[in-house]
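Comments concern the structure below.
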There are 2 protein chains.
Amino acid sequence: METTGAQTSPRASLRERKKQRTREALLRAALELFTTQGYERTTVDEIAEAVDVSQRTFFRYFAGKEEVALFTQGVAEARFLAAVRERPPQEAPLEALRRAVLEGWDTIGEAVESVVPLELHMRAYQLIESTPALLAAYLRRSAELEEEIARVIAEREGLDVDVDPRPRVAVAVFGGVMRITGRLWSEGADHSIPAIRELTTAYLDQVGPALAEKWRTE
Amino acid sequence: METTGAQTSPRASLRERKKQRTREALLRAALELFTTQGYERTTVDEIAEAVDVSQRTFFRYFAGKEEVALFTQGVAEARFLAAVRERPPQEAPLEALRRAVLEGWDTIGEAVESVVPLELHMRAYQLIESTPALLAAYLRRSAELEEEIARVIAEREGLDVDVDPRPRVAVAVFGGVMRITGRLWSEGADHSIPAIRELTTAYLDQVGPALAEKWRTE
DNA sequence: AGGCTAGTGACAGCCACTGACAGTTGACAA
DNA sequence: TTGTCAACTGTCAGTGGCTGTCACTAGCCT
């Protein structure tokens, strides 16, 4: 029909583009509804209606309510995983993880922004932290991600994750700290990128002290 | 009717005893069905039918399927939390946590056994680890437990959990390691108490090495 | 133009969970 | 005892997430 004009995606059949649009419309509508009226108080029918498709179609694009709510998280996680893989192999494991987060945040932001407004993603994250059902699903996925990262770390160091406990332990420590900072950030007032960056460094720097024998020797 | 014979609970009204029996019957039936035919493939109606009560009654005793499945975990967690509180205050935080787990396992076993056979509890744990929906719920509860423990640790050390990051970090590190060992234990072949004890010490001992700069200096 | 197939809507049905109401059964005092 | 009250339970109806099925439409390809 049209020329091969540079749309959002240059090469893609009409069919493909329509699917893409429907998916994004559903995603945006869902997040918008979730963050304004709450996750539980939003029905799948509402979301479908907002995009003017049948409920059945919604379930053809997303496995369920949870999946939509966590979708942008998935994008961010994938980007983070890639950032870890891109770290130079001579860096120590925890160093690599630390830099992957700190330096990756901007590219993560971009990756998210290409799907939904970053601001919506941020609101979604706060929603997850404050909605038990979503937090549960999020934590489970994080556990899977940690296992993957542990394998990446093990490979970097030429280790077998089932023989040497250190990769999993290191990742677990790192993941634990990330959970804390994520929660505090979502509860706090400053929801900016620099804010989370500061929190992250501050808490990561406390791992050593926290493991020290005597805390009172300040 | 009978004399005041030493039943399971000496002092409790008939009504109370009946409730207790129904609750335990539901719990046992649920776990038995879950572990034999799977969590998802077991309906609430089946559980209720097995105990010969209405579905409605099931929901008066438990908030949902998840809650039954995680019930014995809750018992174990409560016991662990108590064990932490009982540690002498001069012990270093991580030391206290470590001993609470290692030395507490037997009393945890007893606490569980007073509700359902320990073997059923073990099977339930494996079920949780292998059922996404249950694992998600379990992880969320674990996160809550960690926050509580962090407060206990902070109090031991006379700290404010919102000022000093170390309590939360220490607990997160510990919790992360416990997750790993729990998973490996459930996946492994030896499901005995000594087995998990060994795993725990082995992995806890790897926290230091995992944080070291250079891993290859073995 | 016409056949092929991916994508969709409409419908029926399962299951977890909830509110409302009525019936039953221990608890407790007269 | 007996009567009253409150706790507990069953039944029924309804909501919402999710799935299977099937007929239909619309983009694709020759």
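When reading the values below, keep in mind they use all heavy atoms of this one structure, side chains included, and skip hydrogens, waters and symmetry mates. The chains referred to below are lettered A, B, ... by the order of the sequence lines, with proteins before strands, and numbering in each begins at 1.
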Requested in this report: With sequence neighbours excluded, tell me which residues meet side chain to side chain contact (heavy atoms under 4.5 Å, CB included) with B/Met122.
Outcome: B/Leu118, B/Trp185, B/Ile193
Query raised in the report: Any salt bridge between A/Arg151 and A/Glu146, counting N to O under 4.0 Å?
Result: no
Query - Rounded interatomic separation in angstrom, taking CZ from A/Arg17 and P from D/dA26 - result: 17 Å
Requested in this report: State plainly whether the residues A/Arg21 and A/Glu24 are in salt-bridge range, i.e. N to O under 4.0 Å.
Outcome: no
Report task. Indicate for each nucleotide in nucleotides 5-18 of chain D, in 5' to 3' sequence, whether protein heavy atoms under 4.0 Å reach the base (B), only the sugar-phosphate (S), or nothing (-). Result -> -BBSBBB-----SB
**Report entry** Euclidean distance, atom CZ of residue A/Arg41 to atom C1' of C/dT18 [Å, nearest integer]
**Finding:** 17 Å
Requested in this report: Please name all residues satisfying side chain to side chain contact (heavy atoms under 4.5 Å, CB included) with B/Ser130, sequence neighbours left out, ordered by chain then number.
Outcome: none
Query raised in the report: Quick one: do the B/Glu113 and B/His121 side chains pair a donor with an acceptor below 3.5 Å?
Result: no
